[in-house]
Each structure stands twice: as C-alpha cells, then as structure tokens.
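Lettering of chains follows the sequences in order, A, B, ..., and the numbering in each one begins at 1.
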Amino acid sequence: MSQVRVRFAPSPTGFFHIGSARTALFNWLYARHTGGTFILRIEDTDKERNSEEFLRVIYDSLAWLGMGWDEGPRVGGNGGGDHGPYRQSERAHIYREYLEKLKAAGRTYEKDGATWFKLLGERHEVYDEHRKKTVTKVKTAPMVIEDAIRGRVERVEDEDFVIVRSDGNPVFHFVNVVDDIAMRITHVIRGEDHLSNTSKHVALFEAFGVKPPIFAHIPLILKQNGPGKMSKRDQGALIEEYQRRGYSPEAVVNFIALLGWNPGDDREKMPIAEIVRLFDLPAVNQSNARFDDKKMAHMNFLYLQELPAEDYLARARAQLAAAGSAAPAAGGAAEVEAYVREVLELARPKIKGLDELPAYTAYFWGEDYPTDEKAKAKVLGKGEPKARLAELVEALRAPAADFGSDAALEAVIKALAEARGLGFGDYQGVARMAVTGLSAGPSLTSILRLLGRERVVARLERFAAAL
RNA sequence: GCCCCUAUCGUCUAUCGGUUAGGACGGAAGAUUCUCAUUCUUCAAAGCGGGGUUCGAUUCCCCGUGGGGGCGCCA
C-alpha cells in the first residue's frame with residue numbers, strides 16, 4: 001500500500017470557517033494516523049481578492065490550531081515539497097499541459113469561447129424546467145464513487161461542463177482533479193457538499209486514464225439555530241473568534257473532532273495524540289451535526305482548568321492586555337508578578353473562559369473599576385449596611401486583623417458577627433460590594449487579603465461615605 | 001423540478017439483530033460553600049411513519065416523510 005497523501009485545499013476568502021477547520025483537521029488526523037503526508041494547497045484562482053492578506057488568515061488559523069503541513073507553501077517551518085508550486089495561481093502551466101492531454105484524447109470542444117469537457121454517450125436536447133432553458137443531455141454510464149465513509153455511491157453525470165472559461169481561466173472541477181493527479185493525492189477528504197460534484201471529478205480522472213483517489217465525504221456542520229449549514233455569519237463560525245475570546249486551541253480541536261467522529265466509546269476530552277491514534281475514516285458519521293456553542297464552551301472550560309500554570313498565566317495576560325485591562329504587564333517586580341499570578345489563579349476555577357477575566361478581575365488592578373448598580377441596590381436594600389460597614393472598617397483597621405491569611409480574616413469577621421448575633425453572611429455581601437463593585441466573585445477573604453489592609457479600608461470608607 | 005446523502009433524548013453521540021437503549025452538553029431538584037462558580041447526588045428526556053426480512057428489529061431492505069447538499073464560464 002502506497003503512502004497516504006491527503007490535501008486541504010482552502011481558498012483565501014479572508015475567513016477561516018469552523019467547517020474548513022474540521023475538514024483540515026480530518027485530513028491532518030488521517031495523515032498523522034497513517035503516517036502519511038498532509039498537503040496544503042491554496043485554491044486562489046479567483047484573482048479579485050487580496051490574496052496575501054487573506055492567505056495569512058489560513059496560515060495563522062492552521063498554526064493556532066496546531067496543524068502543520070508537510071507539503072505546501074513555505075511558512076513558519078511548514079511546507080516545501082516536490083509537487084509544487086502549491087498555489088493554484090502559480091500552476092497555470094500545469095493546467096495547460098493537462099488540458100492538452102484531454103484535447104489530444106478528443107475529450108474537449110470549444111463553445112461560446114469556453115472549453116468544455118465532452119462526456120461519452122448519445123446526446124439529445126431537452127428543456128430544463130428548473131433552469132428554464134434547453135440543455136444537451138448525454139446518456140452516460142453511472143460514475144462510481146468509492147467513498148470511505150458512505151460506501152459505494154453512484155451518480156449519473158449527464159451534461160458536458162466547462163473546464164476552461166472564455167477568459168482563459170480553468171474552473172475548479174478541472175484544476176482540482178489535475179492537482180490531485182499531479183500531487184498524487186490518495187484520499188480526498190472533504191465536505192459532503194462536494195459529493196454531487198464528485199461524478200464530474202471521476203469522469204475527469206477516467207478521461208485522464210487515472211484511477212480516482214478514495215473519497216471520504218464528511219458530514220456538514222449545521223447552524224445552531226435555523227435551517228441550513230453553518231455560514232461565516234453565524235455565531236461561533238469563525239476560528240478567529242475563538243482566538244479573540246481566548247479559547248484554548250486544544251479545546252477547539254477536541255470539540256470539532258467530535259463533530260462527526262467519536263472514538264467508539266464514551267470518552268470526549270482526549271489529548272490530540274489519542275485522537276490521532278484512534279481516528280479513522282470509516283468511524284466518521286454520515287449525518288450532519290448541529291453546532292452547539294454551550295458544549296464548545298464546556299470543552300474550553302475543561303481545558304482551561306488543567307492548563308499548566310505558566311501557560312495559563314501567559315494566556316490570561318494576553319487576554320487582559322487585548323481587553324485593555326490595567327493589569328500590570330509581565331516582567332515587573334517580583335512582588336507584582338506574584339500578585340498578578342495569585343489573582344489570576346484565584347479567578348481561574350471560577351470562570352468559564354478567559355474572556356470573562358477582564359471584568360472578573362477589574363478591581364484588582366486599580367481604583368477605577370465599574371460598579372454593578374443593580375446588584376448594589378439589592379445589597380443595600382436589606383439589613384443595615386451602614387452599620388456593618390462601620391464595624392468592618394473598625395475591625396479591619398485594627399492591627400489585630402491579620403491580612404496575611406484568609407483564615408485570620410475570616411476569624412476576624414466571624415468574631416465581629418458573633419458579637420452581634422449575626423452571621424458571616426451579614427458582612428460578606430456589603431463588604432464584597434464595597435470592595436469590588438460586584439455581588440459575585442472569588443472568596444471574600446482572599447480578595448481582602450490580596451488587596452491589603454490599606455486599599456480595603458479606603459474602599460470601605462469611600463463606599464460608606466457615599467451612602 | 002431533477003439528482004445525491006442522511007434519520008436514536010432539545011443538541012453531540014454509543015449500540016455493529018436479543019440492552020432496564022448508555023454517556024456528554026443543556027435543563028430541573030437537592031447537598032456542599034462567605035457570594036458566584038466549581039464539585040457531588042438525583043431526576044426528566046430518544047429509536048420519524050408504514051411495510052417487509054427474521055424466532056426476534058433502533059440495528060438489514062423498500063416506500064413515504066423530515067433534514068442536508070448539489071444542479072454556474074463560484075470554489
């Protein structure tokens with residue numbers, strides 16, 4: 001059995017869709033699973049777009065998701081190979097060469113300035129109701145598609161089709177097949193939306209006298225709400241969105257791997273090496289999967305919680321910086337570093353995703369933080385907040401209050417409460433609101449300890465004075 | 001309209017003819033907790049309809065129906 005060679009062939013549109021990401025992933029997984037070659041081929045025949053900038057989106061997204069390519073454009077250590085160039089815009093001479101082969105075999109003809117591919121069989125004219133025009137049908141034998149996921153699929157291709165436009169540019173079906181032949185692709189793994197087109201491709205392979213590759217048409221990802229497949233306008237459709245929101249790429253990969261594939265048992269969260277080990281084409285589902293952002297978020301949560309401390313710190317800081325947070329940048333004094341680290345670790349188990357971090361930690365980075373007015377009104381509406389605040393100020397100002405440990409602070413507040421026949425909860429709410437502007441967050445005593453006596457007392461007094 | 005693919009809880013899915021149809025997300029209830037979140041326990045929730053084949057069908061076949069895709073000088 002020859003080496004597996006698969007390709008991912010995106011066209012640079014300026015977006016990297018989650019569906020594209022999964023197609024890339026399944027190709028990549030199959031290559032890694034079989035020890036084959038993963039090829040990146042850029043389908044940039046549409047010259048009207050600004051390719052350079054749009055190409056970056058593809059390269060960056062693949063890199064972020066951790067999918068390196070063995071052959072393809074040379075970018076950041078990836079690419080190279082003996083079957084280039086890997087951009088269709090640079091392969092015109094190859095298409096010309098293959099077109100000559102077809103011409104020589106008598107399988108083309110010119111019409112309306114374009115070059116058409118000639119199917120084999122009897123011809124007759126028929127009026128197409130749907131397209132409202134007369135078309136020439138060809139009585140052909142069914143094309144057989146050997147699909148690793150769907151089995152044997154037969155489809156009759158009964159109309160000649162254009163392979164080179166009147167402006168001289170070859171069309172997708174033609175270049176796709178030519179490149180797959182020239183690059184010696186063994187398995188074509190792509191979205192099911194191409195299944196109906198595959199009969200055209202098989203006809204071309206046969207015309208070239210080449211045995212078609214094994215096809216594997218993977219199910220599509222449907223939009224979360226409403227009908228149809230996911231499109232770039234749908235929530236959660238773009239990879240850059242996950243990047244921007246601080247999602248773990250490992251979580252995104254794990255999640256999309258599970259959209260249409262599973263290891264055959266109950267496992268969901270799996271290291272990529274394990275997915276590579278278990279992935280195989282016949283195990284891919286045949287029916288479309290609906291996208292679910294809640295489950296995606298949950299997968300991200302799982303990965304976030306187990307991220308090594310250093311990685312978490314770096315990613316959290318990047319997220320804060322991107323959000324314009326006042327959090328100190330890395331490389332400061334050891335004391336500051338320790339503070340940032342502790343604040344971020346305090347927040348970690350409480351958040352679902354890194355995008356919550358800026359709002360969740362705002363009050364740790366300075367005196368300019370927002371107040372949840374609605375929650376504030378609620379807190380002030382019950383009990384005697386003013387009295388409680390005054391008592392807190394007095395107790396926390398006293399040297400006896402040890403800001404060095406959560407337990408000591410808890411003891412101070414509990415003693416205060418006990419002396420008045422109250423509970424910890426009678427102080428917790430107001431204190432939290434006064435010190436953070438929020439009604440929810442990490443443990444109050446941890447917040448107090450980290451902020452320190454001076455800031456805590458100042459905030460309590462300022463808050464009380466405004467009542 | 002024609003062609004192709006497809007069909008298990010709301011969603012993602014397990015089951016490769018015989019199961020109390022399992023898991024996960026989401027939902028509900030309870031426990032834990034200084035708030036929130038986590039965590040833990042429990043609960044509700046599915047084989048599209050009709051025919052076959054078979055001792056026996058969620059599972060195999062056919063027909064409907066639903067869903068998806070394709071039918072460009074787009075990719």
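Taking atom P in both U38(B) and A14(B), one finds a spacing of 28 Å when rounded to whole Å. Straight-line distance between the P atoms of C63(B) and C2(B): roughly 15 Å, to the nearest whole Å. Taking atom C1' on both nucleotides, U58(B) is separated from U53(B) by 16 Å, rounded to a whole Å. Comparing the same atom, C1', in U59(B) and in C74(B) gives a spacing of 41 Å after rounding to whole Å. Spacing of P atoms, C9(B) relative to C62(B), comes out at 22 Å, to the nearest Å. The same atom, C1', is picked in G26(B) and in G10(B); the two are 8 Å apart, to the nearest Å. U15(B) sits 15 Å from G23(B) when the P atoms are compared, rounded to a whole Å. Between A45(B) and U39(B), the distance separating the two P atoms is 25 Å to the nearest Å.
Side-chain contact annotation: Tyr109(A) with Asp160(A), donor-acceptor N/O pair under 3.5 Å present. Between the side chains of Tyr247(A) and Asp355(A), not a single donor N or O lies within less than 3.5 Å of an accepting N or O. Judged by distance alone, the side chains of Gln235(A) and Asn225(A) never bring a donor and an acceptor atom under 3.5 Å apart. Between the side chains of Arg190(A) and Thr198(A), at least one donor N or O sits under 3.5 Å from an acceptor N or O.
Comparing atom distances between the Ala114(A) side chain and each of C73(B), A75(B), C25(B) picks out C73(B) as nearest. Nearest nucleotide to the Arg290(A) side chain, out of C73(B), G70(B), C12(B): C12(B). Set against C12(B), G67(B), A75(B), the side chain of Lys295(A) has C12(B) as its closest nucleotide. Set against G23(B), C34(B), A75(B), the side chain of Glu268(A) has G23(B) as its closest nucleotide. Distance from the side chain of Trp116(A) is smallest for C73(B) among the nucleotides C73(B), U13(B), C34(B).
As a whole-Å value, the separation of Ile42(A) CD1 from A75(B) P is 15 Å. Asp160(A) has its CG atom 15 Å from the C1' atom of G72(B), to the nearest Å. Taking atom NE2 on His194(A) and atom C1' on C74(B), their separation rounds to 11 Å, with Å as the unit. One interatomic measurement links the two molecules: CD1 of Ile221(A) to P of C12(B), which rounds to 11 Å at whole-angstrom precision. Rounded to an integer number of Å, the gap from Met299(A) CE to G23(B) P is 17 Å. Atom C1' of nucleotide C34(B) and atom CG of Asp406(A) are separated by 11 Å, given to the nearest angstrom. Protein atom CE of Met296(A) is 14 Å distant from nucleotide atom C1' of A24(B), rounded to whole Å. Between the CG atom of Leu220(A) and the P atom of G68(B) there is a distance of 11 Å, rounded to whole Å.
Across all strands shown, G10(B) forms a Watson-Crick or G-U wobble pair, both distances under 3.5 Å, with C25(B). Across all strands shown, U59(B) forms no Watson-Crick or G-U wobble pair with both distances under 3.5 Å. The pairing partner recorded for A31(B) is U39(B), the criterion being a Watson-Crick or G-U wobble arrangement whose two distances lie under 3.5 angstrom. With both pairing distances under 3.5 Å, G1(B) is matched to C71(B) as a Watson-Crick or G-U wobble pair.
Between C74(B) and Arg165(A), a contact under 4.0 Å exists linking OP1 or OP2 to a side-chain N or O. Distances shorter than 4.0 Å separate none of the side-chain N or O atoms of Asn197(A) from OP1 or OP2 on G70(B). Distances shorter than 4.0 Å separate none of the side-chain N or O atoms of Asn285(A) from OP1 or OP2 on C12(B).
Sequence order on RNA chain B of the closest nucleotides to Asp167(A) and Lys294(A) puts Lys294(A) first from the 5' end. Nearest-nucleotide assignment on RNA chain B puts the 5′-proximal partner with Phe291(A), out of Phe291(A) and Val162(A).
If you check every strand for non-hydrogen atoms under 4.0 Å, Leu444(A) touches a base. Using a 4.0 Å heavy-atom distance criterion, Gly423(A) is classed as making no nucleic acid contact. At a threshold of 4.0 angstrom between heavy atoms, the contacts of His217(A) with the nucleic acid are absent. Here Ala289(A) lies in heavy-atom contact (under 4.0 Å) with sugar-phosphate atoms only. Among the protein residues, Thr445(A) comes within range of the nucleic acid bases, having at least one heavy atom under 4.0 Å from a base atom. Residue contacts for Gly260(A): at a heavy-atom cut-off of 4.0 Å it reaches the sugar-phosphate backbone alone, with no base atom in range.
Not counting sequence neighbours, the partners of Phe26(A) by the ring pair (Phe, Tyr, Trp, His ring centres under 6.0 Å) test are Phe279(A). Residues satisfying the side-chain contact (heavy atoms from CB on, under 4.5 Å) test with Ala417(A), not counting sequence neighbours, are Leu422(A), Tyr427(A). Evaluation of the side-chain contact (heavy atoms from CB on, under 4.5 Å) rule for Ala148(A) yields Ile214(A), Ala216(A), Leu281(A) as partners, not counting sequence neighbours.
Using modelled atom types, no side-chain atom of Ser248(A) and backbone atom of Glu250(A) make a donor-acceptor pair closer than 3.5 Å. With hydrogens and angles ignored, the 3.5 Å screen pairs no side-chain donor or acceptor of Arg165(A) with any backbone N or O of Val171(A).
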Protein-nucleotides 36-39 of chain B N/O pairs under 3.5 Å:
unit_1, atom_1, unit_2, atom_2, d
C36(B), O2, Lys350(A), NZ, 3.3
C36(B), O2, Gly441(A), O, 3.4
C36(B), N3, Lys350(A), NZ, 2.2
C36(B), N4, Lys350(A), NZ, 3.1
A37(B), O2', Lys350(A), O, 3.4

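Within the structure, side-chain hydrogen bond (donor to acceptor under 3.5 Å, both in side chains) contacts touching residues 290-299 of chain A (residues at least two apart or in different chains) are Gln224(A)-Asp293(A), Glu268(A)-Lys295(A).
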Heavy-atom protein contacts under 4.0 Å, nucleotides 1-10 of chain B, coded B base, S sugar-phosphate only, - none: B-SSBSS---
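Cation-pi contact between Lys200(A) and Phe161(A): present, with separation from the ring centre below 6.0 Å and deviation from the ring axis of at most 45°.
Surrounding CD of Glu306(A) are more than 12 heavy atoms belonging to other residues, nucleotides or ligands, all under 6.0 Å away. Other residues, nucleotides and ligands contribute over 12 non-hydrogen atoms within 6.0 Å of the CD atom of Glu345(A).
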